[in-house]
Amino acid sequence: MTISLAFSQVRQSAMLRGVDANLIHDLFERKQAESPLLLLSRSEIRRNYRTLSQALPRATIHYAVKANNHPTFLDELHSEGCRFEVCSAQEIDATVRAGADINSTIHSHPIKSEREFDQAVAAGIRVFVVDNIDEINKLARYQDISLKIMIRYRINTNTKAVVDLQYKFGCTTDQVSVLAEAIKQTGHEVYGLCFHIGSQCIFSENYVRAIKTASKLITKLEGSGFNIRLLDIGGGFPVEYIDPIMPIDKFCEPIAKALDNHIRPEIEIICEPGRFIAASPVTLVCSVIGKAVRDGKVWYYLDDGLYSTFSGIVYDQCQYPVITDRTGQGKLSVLAGPTCDSFDVMYDGLMIPEHSIGDKVVFPLTGAYCTVSGSEFNSLKRPDYMIID
Ligand SMILES: Cc1ncc(COP(=O)(O)O)c(C=O)c1O
């Protein structure tokens, strides 16, 4: 698929639905406009939350704060009634600042330091995730508080998510009963089950398979006297970056059906989307700050790079569409970042028309796993957010 697109072709397209195309037009025109800049649309945050809620009517959404912890995300989502999923003390603090009720927040990191665990319990979190006996042993620290524990399991899939989250976490299904008994011994409650297929999971059959597995595990656990109250189907809901993917309502249809067919109505269902909510509300605007011709390619040096917003290319294995407003014949080009490191190259081999220093280049869908994993390498300033609606 084409990564680089002319602004004139995409100004009406869904790719730019997270930003006002007239604003982008103005930024292309105004060479002096400050950059790098992250345009953030509050209405798009709300739209994504509502769209996913409608597509999965049985699931309560807990936004995965790790995807983008900007206060505007948390404020908008909180006012929509969204709940939160956290994995650290700092994320807990951010949700509290947004006004979230700590009782509704879940902590779903399967491996927590004792310090992180203590901080989360002290803050009032009661729902946690474990996937192994050593983590369960940490529960003995909390004698006077009753915690609700979910067991995270993994399943075999024929097709993987782009970011495989079953590699690092999740017990095998035959370990679930043993872990449940161990939790019972600690005096805490075996509250539910959870899985996380992976991020940018484009195959809904993986969720269906995991839900069918949950059904069997629940029957077995209930046969042993456990009262399972919750199934957490994780995050992973995909975003259309460059390759076309199914609309989210179609993607979720088989998942919603599997929940109805296999999980009895008394069991609460939750999901933990990050990317689906966070990606499209943010659009990165960069400027060309330098230019050189090397080895037959035109190199453009932008004012944001791999060490900052484009860190998602490294850590999230993601590629963002490139939008330019220059016309003319495409030339073999490279887009590199502003640091002194040769590693700081985002796109090598793009065919784009010739650009000049000062030209703007725009990258939509840069809201998830971009800002949060970037750094200030070379002591370069991170881009500011501009709230656009
Ligand atoms: C435990 C957990 N929940 C939710 C998410 C969010 O996943 P996504 O952004 O793919 O929806 C992640 C991502 O790493 C995760 O580890």
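Quantities reported herein were computed from a predicted structural model and do not represent experimental measurements. Index from 1, following the sequence. We count ligands from 1, going down the list as the structure has it; atoms in each ligand are counted the same way.
The residues Lys138 and Glu114 are annotated as not salt-bridged, no charged nitrogen and carboxylate oxygen being separated by less than 4.0 angstrom.
Every atom of ligand 1 is numbered from 1 in the order shown, and the set under 4.0 Å from a heavy atom of Ser199 is 8 (P), 9 (O), 10 (O). Below 4.0 Å from some heavy atom of Ser108 lie the following atoms of ligand 1, by number and element: 1 (C).
Geometrically, ligand 1 and Tyr369 share a nitrogen or oxygen pair separated by less than 3.5 Å. Ligand 1 has no nitrogen or oxygen under 3.5 angstrom from a nitrogen or oxygen of Arg152. For ligand 1, the polar-atom distance check against Gly274 finds a nitrogen or oxygen pair separated by under 3.5 Å. Distances between N or O atoms of Gly236 and those of ligand 1 include at least one value under 3.5 Å.
For atom 7 (O) of ligand 1, the choice among Arg275, Lys168, His196, His109 with the nearest heavy atom turns out to be His196.
Within the 4.0 Å heavy-atom cutoff, Gly234 does not count among the residues contacting ligand 1.
With hydrogens and angles disregarded, a donor-acceptor distance shorter than 3.5 Å links the side chain of Arg382 to the backbone of Gly374. In this structure, Ser333 contributes its side chain and Lys331 its backbone to a donor-acceptor pair below 3.5 Å. With Tyr153 contributing its side chain and Gln175 its backbone, the two residues share no donor-acceptor pair below 3.5 Å.
Atoms CD and CG, from Gln319 and Leu365 in turn, are 12.5 Å apart once rounded to the nearest 0.5 Å.
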Take His70 and Tyr385 through the ring pair (Phe, Tyr, Trp, His ring centres under 6.0 Å) test and state the conclusion after the steps.
-> CA-CA 9 Å; His70 191 282; Tyr385 272 90; 4.4 Å; yes
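The two residues Asp389 and Ser43 have their closest heavy-atom pair at OD2-OG, 2.5 Å.
The side chain of Ala64, and not its backbone, has at least one atom closer than 4.0 Å to an atom of ligand 1 (non-hydrogen atoms only; side chain from C-beta on).
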